[in-house]
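Every chain is numbered from 1, with letters handed out A, B, ... down the list of sequences. Only a predicted model underlies this, so the values are computations on that prediction, with no experimental measurement involved.
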Amino acid sequence: MQLRQDKGVSRKFEELIKLALERGFFTSASEIYSDAPAGFWDYGPLGAAMKRKFIELWRRELVRRDCMLEIDGAQILSKSVFKASGHLDSFVDPIARCSKCGAIYRVDKLIEERTGLHVPERLNLDEMRRIVEENDVRCTRCGGKLTGYYYFNMMFRIGIGVAEADAYLRPETCQNIFVDFLRLYKTMRRKLPFAIAQYGKSFRNEISPRQGLLRMREFYQAEIEVFFNPNRANDFPKADAVMDYELRLQQVGESEPSEITCREALSQGLISSKLVAYYLALIQQFYEKAGIPKERIRLRQLGEDEKAFYAVEAWDLEVETSLGWIELVACNNRGDHDLGGHQRMSGQEMEVLDDGQKILPHVFELSMGVDRSLYCILENFLDLENGKTILRLPPYLAPIDAAILPLVSREPLTSKAMEIYDELRRDFDVEYDDSGSIGRRYMRYDEVGVPICITVDYQTMEDDTVTIRFRDSAHQIRVDVSDLPCLMRGWLAYP
RNA sequence: GCGGCCGUCGUCUAGCCUGGUCUAGGACGCUGGCCCCCCGAGCCAGCGGUCCCGGGUUCAAAUCCCGGCGGCCGCACCA
């Protein structure tokens, strides 16, 4: 049930991009230059503030809730890291060029398209060339022969120092976590199972970035890597608390998700272990806390042909938008792919003691696309009814907590409003605004999701009370100025 | 990267086909003033445009031609 439109992007997508540009959520990077490459975006003040609040929710609902360790790693990592992780060899597309017209093709896709033969993921270039020649696969445009076979690696390669030694911008944040695993395990005094989290930038040289924040070349990930003993993945008492929680699972071959408790999913064998069930529950709950309605969330199981090269079990958390279902979190069981790879490559033994024996931990990850998540949340709460734009964000995700507005731009109301602004602005993200009629200002702040407006009027001058006007209902109440900090903390509180 | 459509103030757009009257017009927004107002009020003034970039044709290019860059959709890839 894709909601994808036949023509153009959705109206909501367009309105959101427009709002983002006009009000400072995000804008394309290098904008004023005509050579600005696609796939790079700058967050403006409101976007940066909202992202900060989103990450704070992530810390609250995942990192702190589950006692994870959070690190902040380098974005440039050595070539060896990516040899070990497999990205150097496997994070590639096989490419060939038409010798006549220069058209560029993905060889595996072209073979499948022309011959119907399925090309396995890890077939090497020579074999692909052989298949091309045996089946006389040619350029679809001019019929020319294919030449110049090579692998296009989606990592950005960079040169370090004057010698320009090969290194790469990380294509996923988690490699730092794997490389640092043993030191963290030893120094932070953890026992399996435990998780390490990281929020930061990743870089992928996408062939064709599209759709604003949804596919970028430089993007934020918030990743969680859970290290566990594969023999004891069901010895996991923490999961008991979520056993009756209903996951919205969509298995391979199904077209709709179905709600099923963790307990039931485990007994039917849909999920490999209690540990995996627990983390799937946590991530689904996180998006519910972010305000996405449950029926717009699904955990879709990936088939063999869809999974990343390192995954042995994979679920994507997806959210339904006006553009269709968008993948926000890859939930992958990476097995021992990463620690095993780094152990072989570095010679550093990665095995740890658990349950009386040395084992190489397996990894289950929750790899979240932050920018995509922000898009989906913004779109979800964008209300365009009645010719007005109201961004009905949960208060704890709103970039601005409150606006402080003198009813009219005249003394002593302006000074009084400024006084309240001075009083609040170190504890809250508040703005002062006396420009334009009060109605216009209410609308202005509705558009960017400010949940409450604090209006200073003539009565304020008499009894030190202000009008509180709520974004979602437009209802007003009167409160004492001295009660504002306490009341605001309540209105902005997490659920 | 291919194919289709497209690119004019912050945003939306008129003009492009039929080159000159365009030193590019309007609306919304924004700024200042009057007004002093509890849900986008009104009036006045103002700011704001490399017409995506580069080249070509022409006496003359937003307009015609070529190349590039970018956007959207489709193919594909993915957080």
Base-pairing mate for B/C30 - Watson-Crick or G-U, with both contacts under 3.5 Å: B/G46
Please report the distance, rounded to the nearest Å, between CZ in A/R217 and C1' in B/C77. 12 Å
May I ask you to say what A/L328 touches in the nucleic acid, namely base, sugar-phosphate or nothing, with a heavy-atom cut-off under 4.0 Å? sugar-phosphate
With a 3.5 Å limit on both atom pairs, tell me what B/C75 is paired to, counting Watson-Crick and G-U wobble, or say none. B/G1
In whole Å, I'd like the distance from the CG atom of A/N205 to the C1' atom of B/A79. 16 Å
Atom CG of A/L19 and atom P of B/G10 are separated, to the nearest Å, by 17 Å
How is A/M154 classified with respect to the nucleic acid when contacts are heavy atoms under 4.0 Å: base, sugar-phosphate, or nothing? sugar-phosphate
Could you let me know what B/C22 is paired to, Watson-Crick or G-U wobble, both distances under 3.5 Å, or none if it's on its own? none
Side chains of A/I468 and A/F470: does their closest heavy-atom pair fall under 4.5 Å? yes
If you only use heavy atoms from C-beta on, which nucleotide in B/A79, B/C36, B/U11 is closest to the side chain of A/L21? B/U11
When you get a sec, tell me which of B/C77, B/C38, B/C37 is the closest nucleotide to the side chain of A/R215? B/C77
C1' spacing across the pair B/G71 / B/C53, given as an integer number of angstrom: 15 Å
Using a distance-only test with no angle check, is there a side-chain donor-acceptor pair under 3.5 angstrom linking A/N153 and A/Y168? no
Can you list everything that forms a side chain to side chain contact (heavy atoms under 4.5 Å, CB included) with A/A281? Sequence neighbours excluded, please. A/V242, A/Y245, A/L247, A/C262
Grab the CD-C1' distance between A/E223 and B/C78 for me, whole Å please. 13 Å
Using the C1' atom as the reference point in each nucleotide, state the distance between B/A61 and B/U23 in Å, no decimals. 15 Å
Check ion pair A/E379-A/K12 (N to O, under 4.0 angstrom): no
Side-chain N or O of A/Y458 closer than 4.0 Å to phosphate OP1/OP2 of B/C37: yes
Quick check for you: to the nearest 0.5 Å, what is the distance between A/L384 atom CG and A/I390 atom CD1? 9.5 Å
A/D371 atom CG is separated from B/C78 atom P, nearest whole Å, by 18 Å
Using a 4.0 Å heavy-atom cut-off across all strands, classify A/G212 as base, sugar-phosphate, or nothing. sugar-phosphate
Go through the structure and list residues passing side chain to side chain contact (heavy atoms under 4.5 Å, CB included) with A/V430, not counting sequence neighbours. A/A402, A/I404, A/Y421, A/L424, A/R425, A/F428, A/M488
Results of side chain to side chain donor-acceptor pair (under 3.5 Å) for A/T414 - residues two or more places apart only: A/E411
Let me know the distance between CZ of A/F203 and C1' of B/C78, rounded to the nearest Å. 16 Å
Contacts of A/I76 meeting side chain to side chain contact (heavy atoms under 4.5 Å, CB included) (sequence neighbours excluded), chain-then-number -> A/I158, A/I160, A/A167, A/L169
For B/C36, which nucleotide in any strand shown is its Watson-Crick or wobble partner with both distances under 3.5 Å? none
With a 3.5 Å limit on both atom pairs, tell me what B/G67 is paired to, counting Watson-Crick and G-U wobble, or say none. B/C53
Who are the side chain to side chain contact (heavy atoms under 4.5 Å, CB included) partners of A/S85, not counting sequence neighbours? A/F82, A/H87, A/Q175
Hey, what are the protein-to-nucleotides 39-41 of chain B N/O distances that come in under 3.5 Å?
residue: B/C39; atom: O2; partner: A/R469; partner atom: NH2; Å: 2.9
residue: B/C39; atom: N3; partner: A/R469; partner atom: NE; Å: 2.8
residue: B/C39; atom: N3; partner: A/R469; partner atom: NH2; Å: 3.1
residue: B/C39; atom: N4; partner: A/R469; partner atom: NE; Å: 3.2
residue: B/C39; atom: N4; partner: A/A474; partner atom: O; Å: 2.7
residue: B/C39; atom: N4; partner: A/Q476; partner atom: OE1; Å: 3.2
residue: B/G40; atom: N1; partner: A/E447; partner atom: OE2; Å: 3.1
residue: B/A41; atom: OP1; partner: A/R440; partner atom: NH2; Å: 3.0
residue: B/A41; atom: OP2; partner: A/S437; partner atom: OG; Å: 2.5

Taking the P atom in each of B/G15 and B/U58, what is the distance between them to the nearest angstrom? 29 Å
Contacts of A/Q221 and A/R410 projected onto RNA chain B by closest heavy atom; the upstream (5') one is A/R410
Please state how far atom CD in A/E14 lies from atom P in B/C12, giving the value in whole angstrom units. 9 Å
P-based separation of B/A24 from B/A62 [nearest Å]: 11 Å
Starting at CG of A/L16 and ending at P of B/U11, how long is that distance when rounded to a whole Å? 15 Å
Using the P atom as the reference point in each nucleotide, state the distance between B/C16 and B/G25 in Å, no decimals. 16 Å
Find the partner of B/C9: check Watson-Crick (N1-N3 plus N6-O4 or O6-N4) and G-U wobble (N1-O2, O6-N3) distances, both under 3.5 Å, and reply none if neither fits. none
